[in-house]
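Here the structure is laid out as structure tokens; the discussion comes afterwards.
We name chains A, B, ... by the order of the sequence lines, and we start the count at 1 in each one.
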Number of protein chains: 2
Amino acid sequence: MLRALRGEEVERPPVWMMRQAGRYMKVYQELCKKHTTFRERSENVDIAVEVSLQPWRAFQPDGVILFSDILTPITGMNIPFDITAGKGPVIADPIRTMAAVDKVTPLNPDDCVPFVGEALRRLRAEVGNASTVLGFVGAPFTLATYIVEGGMSKNYTQIKKLMFSEPAVLHALLQKLADAVVTYIKYQHDNGAQVVQIFDSWAAQLSPMDYDIWCAPYLKHIIAEAKKQCPDLPIILYISNSGALVERMAACNPDIISLCHTVDMKEGIQRGGTQFAYQGNMDAGVLFGSKEMITQRVRETAKAAKEMGVRHVMNTGHGVMVGTPEENVEHFFRVAKELRYADL
Amino acid sequence: MLRALRGEEVERPPVWMMRQAGRYMKVYQELCKKHTTFRERSENVDIAVEVSLQPWRAFQPDGVILFSDILTPITGMNIPFDITAGKGPVIADPIRTMAAVDKVTPLNPDDCVPFVGEALRRLRAEVGNASTVLGFVGAPFTLATYIVEGGMSKNYTQIKKLMFSEPAVLHALLQKLADAVVTYIKYQHDNGAQVVQIFDSWAAQLSPMDYDIWCAPYLKHIIAEAKKQCPDLPIILYISNSGALVERMAACNPDIISLCHTVDMKEGIQRGGTQFAYQGNMDAGVLFGSKEMITQRVRETAKAAKEMGVRHVMNTGHGVMVGTPEENVEHFFRVAKELRYADL
């Protein structure tokens, strides 16, 4: 992956899979019976490393992503949360006032998330030069959706209420989160992450004019700072359902634009510009289909990126889903690793 | 609305609101206590007309949409379903085999949904020439998501499994649904609907290449047939999160393209082409904000469409949400109706 991202000649696109670590695998579901909470699994180094390595052992992907959650660092910012099996993340005291924002503290990863650094170091030691270790962070707006709504949301009404009635409160929260994200990227890099993906997963819930106000300035700041502090670290930017935002993602200047499956690969590259590398973008739903269809779509995806002349990381457009047949994931990786640019 | 859509000179854009009929209104919630099931409310003519008229009485919108559901006609195709308060539509026997598709029958609206025709006739009589009565239909793919999944879905894994492993089964179902939709549009038109909106709400869950296979051919057929059978009937096409699909929506040749809020109005018009009329596209989340913000966004939306030189129907980008303050909806309509193109 690193060679491909540096623009060196590679025989095929590197391949990994979003939300790769474990969740659709039987071996993970077995482990969950013993270690029942998400926070235990992601904050106990032995278990986090084990889960991260489950897909590595099964499929030998070119990227191994840390098993963690985008909210993991916020407890270190004086924002307690829990992740429950049925409901996802729950923040008991959502932040919706300036007084509450004032209580949010800066992030010191060495103190509050030392298990993340240790897990990354262990992953590097485990995979050596055979794969690339990826870290990841949530972007300020996406983190704020949880912090303001109190958890997952369908319609994002609480954060929009804040946004459209008390903008100064939300900007103050986003600025604190942006500073923490810069710190967290540097920390992950210093502990061995070779690529970092920024998830602004829910940014496309906003109209483009609001993306320009609530997401872009923070993303630009974070990416510019990360490039200053970690010049060798490739940054991937991911937004779910980002069909209308590709140009705006490019304007944030990541190294790699992750295209979701709702954009045609060639149109997305055209709109974002060929100076970027691209990640994606096969529909993860294809993994529920026949092996023939998976083979066909993997080839078409790689071919489209090749024909546009860009560096490419093969991936699904969004995370692999619970219930995906493991043998189909195995087939996806096999086909992707057997691709050769010369044959496309 | 009809004058605006015909391209006649109008002093301001007409305005209505998706999912306008009732749900966020106290008067509707009171009515729900007495008439507890969605099917009763939508299939009893008196109640359906009453709910449809609640926003008309409160806000005098330029469009009054029938209170109904996109699934209402499918019981008449031998696909029983129910709508439950917590879970939305439930189809107890999802259709996933050719044998099951074979049992789906053609739609005869006079026999199975006579209450829809009667409600439309009554609505026309109630609003007269003071507003436009809108009917609506679900598009084949979106209807099929419910019929194949068995109800609402988060990841659409069942329909994608069918799509990517037994495409002939899904095409057979979609063809039957497309024929029924043509019949249903004509029936609504014959009973007084002056505009019909086609909801292919979940089409953007597909990659564009799959939209071209599973949505576009059926939409094109339906719209072409509707134009042949009801040449005076304007057709609106709506897709949720359609940011990457605007050009493809235009290729289906509706009269009005409904832009969701995830697309910038000017960029959307540019991409779709100025020969179409456009509907939308204020973020319905702005209705949770301050009155000043609502005023500002209504004006900006109308101004953007005016500057692009297209016919425009003011609306939110998707449906108004439960929990929206009624006074903010009232403000939205007041501001929209006070707009004058000459002042923008």
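- Across all non-hydrogen atoms, the minimal contact from B:Thr262 to A:Ala204 is CG2-O, 3.2 Å.
- When all heavy atoms of B:Ser290 and A:Ser165 are compared, the pair lying nearest together is N-CB, 4.0 Å.
- Proximity to chain B at a heavy-atom threshold of 4.5 Å picks out A:Leu206, A:Ser207, A:Pro208, A:Met209, A:Asp210, A:Ile213 from residues 206-217 of chain A, in numerical order.
- Applying the 6.0 Å contact sphere to NZ of A:Lys303 captures no more than 12 heavy atoms from other residues, nucleotides or ligands.
- The candidate from B:Asp264, B:Asn241, B:Val246, B:Ile159 with the greatest count of non-hydrogen atom pairs under 4.5 Å with chain A is B:Asp264.
- Closest of all the heavy-atom pairs between A:Ala244 and B:Gly243 is CB-CA, 3.7 Å.
- Proximity to chain A (any heavy atom under 4.5 Å) is shown, for B:Asn155, by both the backbone and the side chain.
- In this structure, A:Lys306 places its NZ atom where more than 12 heavy-atom neighbours from other residues, nucleotides or ligands lie under 6.0 Å away.
- Looking at B:Gln205, only its backbone comes within 4.5 Å of chain A, counting heavy atoms on both sides.
- Of all residues in residues 143-151 of chain A, none places a non-hydrogen atom less than 4.5 angstrom from a non-hydrogen atom of chain B.
- Within residues 313-330 of chain A, the residues that have a heavy atom under 4.5 Å from a heavy atom of chain B are A:Met321, listed by number.
- When the shell of 6.0 Å around CD of B:Gln270 is examined, it contains 12 or fewer heavy atoms from other residues, nucleotides or ligands.
- Most heavy-atom pairs under 4.5 Å with chain B: of the set A:Met293, A:Lys154, A:His261, this distinction falls to A:His261.
- Listed by first and then second residue, the salt bridge (Lys or Arg N to Asp or Glu O under 4.0 Å) pairs that reach into residues 162-171 of chain A come to none, sequence neighbours excluded.
- A pairwise comparison of heavy atoms in B:Arg297 and A:Phe164 identifies NH1-CE2, 3.8 Å as the closest pair.
- Using a 4.5 Å cut-off between heavy atoms, A:Gln158 makes no contact with chain B at all.
- A salt bridge links A:Arg248 to B:Glu267: one of the charged nitrogens lies within less than 4.0 Å of a carboxylate oxygen.
- Atoms CZ and CE, on B:Phe288 and A:Met163 in that order, are 13.0 Å from each other to the nearest 0.5 Å.
- Looking only at heavy-atom pairs under 4.5 Å with chain B, the residue among A:Ala284, A:Gly289, A:Pro167 that has the most is A:Gly289.
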